[in-house]
Every structure is written in structure tokens, then in C-alpha cells.
Amino acid sequence: MLPQQPIEKRNSETLPEFRGRLKMAAAEKEWWLCELLRFFYLLFFPGLIVCGTLCLCLVFILWGIRKLLQRKKNSASSGKKGKNQIVIAFFHPYCNAGGGGERVLWCALRALQKKYPAAVYVVYTGDVNVSSQQILEGAFRRFNIRLIHPVKFVFLRKRYLVEDSLYPHFTLLGQSLGSIFLGWEALMQCVPDVYIDSMGYAFTLPLFKYLGGCRVGSYVHYPTISTDMLSVVKNQNVGFNNAAFITRNPFLSKVKLIYYYLFAFIYGLVGSCSDVVMVNSSWTLNHILSLWKVGHCTNIVYPPCDVQTFLDIPLQEKKMTPGHLLVSVGQFRPEKNHPLQIRAFAKLLNMKKTESLPSLKLVLIGGCRNQDDEFRVNQLRRLSEELGVQENVEFKINIPFDELKNYLAEGTIGLHTMWNEHFGIGEFVLEFV
């Protein structure tokens, strides 16, 4: 065996070598850092040139598209006598639905036609399964509104891009991006002078303003995102827009909150492009002022309610059906929370079994826009069957205006369950009647 050297001697001999290796490793790291910085430095100016060139190309392309659309608008807006006619367009992909937003659309068109009869009026709609005449007849049948002058309908084939069923996750972002493509389809078919988004698709505003060269306006019924929605996610509360599995997971809740804040920031940017903003209530006004920050051009325009029609209903009219009717008026959408109405009604019927109460019936009246709304109605029917109240619950979908009046005349109780109702024409009518 070889003789072992003392440990102190070996440490004294290897310490300088160890220090040398440390210095070499540090020098090697500094060298790699310098080489990396030199590499990025060499790429900086070529990258800057490439990015600048791409930006210029994009600006040039957008400028060319704008010029092309301007020529298209000028050629389309010339009347038969060679005079230019102002084209006013409403973006309302679901104009054949029977909700309060659609009533606002037809009342706005009628009011503008009275004041500016010489203008051309256009409605962008995705209701390709019906004709223009059927849409106008539906507006008269549901809202008792008939337009003074003709209106041109531009039918859009890509409405599926704004369906919520297409985006099971990141629904707000998906629908907003989809609305840009739907707006592009609309812009390619007709370039108006004045563009009004009457259904809450704010992401179409920059498209029509900067590419179409239009004056743009917005009528906001309900913000796409609101500070209340942010608070629901922040507090990890379950809601129609915040699933239970997210509320149970702190990490997912944080991720969704960041996503909502980013989306709210972008939503504020696109909304601020509006030249004129109209909102339907002080509740909506506060949210829009907080997000869009365009107080100088924002005004409250309350939705039109046909009060006189309901004043004509006799207070002591003899009821056609015995017992009491509970009437709910509202589109079949998630935020209306119709399941809560059915569950509450089921509890009321259980109380009726133990007490001597008269016969009760719940009538759910509302409009269905698409297959998603019809699916929700079928789910409500199944819920009624599960709770055993299907014999006492009726669904009235897209009914005529006269039939709606009859139900309101016979109704004893008006029911509404939407949290943070922005205005609610149906709610207003129920309270008024």
C-alpha cells in the first residue's frame, strides 16, 4: 500500500487548484454571457429592420384595404339621381329574436326613419333561415312595431362564429374574436357611413372605424365583461360564468382572474373607439365609464317600453283561468337563471300541499335565438319533470305580442331572477302591470 499523506498537507496542496478551477468556471461563464449579449446585439438591428418592414407592409395593406372600401362605399351610396345617400347600418346578428334588445333595434330604426327619411337603412343579421318580410312581420307580431320605410337586410353566413357553444372555454375571448370575422363579412357586403353596434359586439368597432372609415356608435345593453364579473371570480363565487371546479381551485381562479383583467383592458380599448355611446341604465353606465372611459360621449337612453298598451289593460278584468298565474318574461339565456324560478316554484307547490292554497301555474315566456336557447328550454323541461311540477309549468316561446298581453293581464305574480339586471324590459313591464 502507498503511504498516506496527512490530510492537512493534501488540503494545502489542492486548495490553490480548487481556487483556480473556480476562477476558470467564472471566466467561462462571463465569456458565455458576453457571447450571448454579442449575439443578441448582432440580431437587434436586423430584427428591428425586419419588424419595421413588416409593420410598414401591414400599414400599407390596411391603407390599401381602407381605400378599396372607401371606393366601394362611394359607389354604393350614390342614389338614382346621382346624389349621395347616407347609409346607416345596425349590427344585430339576432334581429329576429324576441328580446328587449330587438325591441330597441326596431324602435331605433323607426325613430331614425322619422327624422332622416332620405337615409338608407341596413341591418346586418345572421338569420339566414327567414326572409326580410318574415323578419319585419315578426317585429310587428312580437313588439307591435312597424317601420315607416323599407330597410335592407344583409344576411351573414358566419354567425356560428359568435355562438357560445363553439367556445366551451375562454368563451368571452372566442366570441369577441369571432365577431371580428363576422364583422369583416358584413363590411365586405356593405360599407355604411354610420355603423351602430346594437348588440354588444364591441370588437367590431375598430374594424368599421379604421378600415371602413365609418362613424361608429354603440348601444350597450349589458357589458361583455363588468367589474361585478371580476368580483365573482376574485371572490371565488360560483356563477353562470364561473364554474364550480374553478372556484375550488385557487390556481385556476388566479389564472381566470388574470384572463378577465386582460380581457377587460382590451374590451376598454375597442369600446373607446366609439364616437357615440348609449347605455340602457345607470348600472350599465357606471360599468362602461369604468371600462371604456369615454364619459364625454356616453349617455343614458332608456329602452322603449310600450307603457300605454299595458295601461289599457283593465285592472278588474275577469280571469279566463282559475287560480293564480306566476308570469316570467325574459329570453332563455343563462344569466336569466330560469332554473331558480322552477326550483322556487316547486318549493311553493310543496307548501301548498300542507296548506289550503288555490291552484298555481308558472308561465315562462321568452324568446329563443338559436339551438343553444332551445337546448336550455329542454333542460328546463327536464328539471320540471325531475321536480314533479311539469303539469304546473308552461313554456311560451316567441309568442305574439297580444298573447303576451293576455298572460300579463291574467298574471297575479311577476317573477324575475337575474342577478344584476341591467334594465330588463320584461322586469319593468311585470312591475308596472
Side-chain angles (χ1 to χ4, degrees), residues 91-94 99-101 104 161-183 196-209 216-247 249 252-274 277-295 297-298 300 303 330-331 333-337 369 372 418-424:
F91 189 78
H92 210 104
Y94 296 92
V104 171
L161 293 174
V162 296
E163 300 282 353
D164 55 358
S165 58
L166 190 63
Y167 312 99
H169 305 290
F170 299 98
T171 308
L172 293 181
L173 181 61
Q175 287 183 296
S176 298
L177 294 178
S179 69
I180 297 176
F181 291 97
L182 188 63
I196 301 173
D197 166 40
S198 55
M199 207 173 171
Y201 293 106
F203 280 67
T204 62
L205 297 172
L207 185 69
F208 279 83
K209 182 170 186 176
V216 298
S218 303
Y219 187 88
V220 184
H221 303 271
Y222 195 88
T224 303
I225 190 169
S226 64
T227 53
D228 290 334
M229 293 169 65
L230 291 172
S231 66
V232 167
V233 178
K234 186 176 182 179
N235 297 329
Q236 296 182 246
N237 297 327
V238 178
F240 73 91
N241 63 324
N242 197 33
F245 76 92
I246 293 179
T247 61
N249 191 314
L252 291 179
S253 295
K254 293 293 183 184
V255 171
K256 185 167 184 176
L257 186 61
I258 293 172
Y259 157 60
Y260 264 29
Y261 273 117
L262 290 175
F263 182 84
F265 175 73
I266 300 172
Y267 179 63
L269 289 180
V270 297
S272 63
C273 296
S274 298
V277 180
M278 295 162 284
V279 297
N280 65 343
S281 65
S282 57
W283 183 90
T284 308
L285 174 68
N286 292 331
H287 287 286
I288 289 300
L289 291 179
S290 174
L291 294 168
W292 290 14
K293 296 178 174 58
V294 285
C297 62
T298 304
I300 298 178
Q331 279 188 314
R333 302 172 64 171
E335 60 269 21
K336 299 298 182 181
N337 204 357
R369 302 165 299 170
D372 292 335
M418 180 177 175
W419 177 70
N420 270 349
E421 172 64 67
H422 47 116
F423 180 83

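Computed from a predicted model, the values in this text were never measured in an experiment. The analysis underlying the following values was restricted to heavy atoms, covering all of them including side chains, and did not include hydrogens, waters or symmetry mates. Here, residue 1 is the first one in the sequence, and each next residue gets the next number.
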Contacts of L252 that satisfy side-chain contact (heavy atoms from CB on, under 4.5 Å) - sequence neighbours left out = F245, I246, N249
Identify the two heavy atoms, one from P93 and one from M199, that lie closest to each other, and give their separation to 0.1 Å.
-> CD-SD, 3.6 Å
Listed by chain and number, what are the side-chain contact (heavy atoms from CB on, under 4.5 Å) partners of L269, not counting sequence neighbours?
-> F265
Applying side-chain hydrogen bond (donor to acceptor under 3.5 Å, both in side chains) to S176 and not counting sequence neighbours gives none
Looking at L166 and L161, what are the two nearest heavy atoms and their distance?
-> CD2-CA, 4.0 Å
Straight-line distance of S253 OG to I258 CD1, nearest 0.5 Å = 11.0 Å
Check: D228 and H287 side chains under 4.5 Å, non-hydrogen atoms = yes
Main-chain N/O of C273 paired with K209 side-chain donor or acceptor, under 3.5 Å = yes
side-chain contact (heavy atoms from CB on, under 4.5 Å) with I288: which of L285, L291, T284?
-> T284
Got a sec, which residues hit ring pair (Phe, Tyr, Trp, His ring centres under 6.0 Å) with Y94, two or more places apart in sequence or on another chain?
-> none
Return the set of residues passing side-chain hydrogen bond (donor to acceptor under 3.5 Å, both in side chains) with Q175 (not counting sequence neighbours), or none when no residue passes.
-> none
Student check: side-chain heavy atoms of L172 and M229 closer than 4.5 Å = yes
Please confirm whether Y201 and F181 have ring centers closer than 6.0 angstrom.
-> no
Could you please spell out the steps behind the side-chain hydrogen bond (donor to acceptor under 3.5 Å, both in side chains) verdict for S218 and S274?
-> CA-CA 7 Å; S218 303; S274 298; 2.9 Å; yes
Exercise: identify the closest heavy-atom pair between Y259 and L173 | OH-N, 3.3 Å
Validation row: Y260, Y267 side chains within 4.5 angstrom (heavy atoms) | no
Under a 4.5 Å cut-off applied to non-hydrogen side-chain atoms, are Y222 and N280 in contact?
-> no
Residue pair G268 / W292: nearest heavy atoms and the distance that separates them = CA-CD1, 3.8 Å
Over all atoms of both residues, closest heavy-atom pair of V270 and L205 | O-CD1, 3.8 Å
Rounded to the nearest 0.5 angstrom, the NZ-NZ distance for K234 and K254 is 8.0 Å
With sequence neighbours left out, the residues meeting ring pair (Phe, Tyr, Trp, His ring centres under 6.0 Å) with Y167 are none
How close do I225 and L230 get, heavy atom to heavy atom, and via which atoms?
-> CD1-CD2, 4.2 Å
Yes or no on side-chain hydrogen bond (donor to acceptor under 3.5 Å, both in side chains) for T204 and D197, after CA distance, side-chain angles and deciding distance?
-> CA-CA 8 Å; T204 62; D197 166 40; 4.9 Å; no
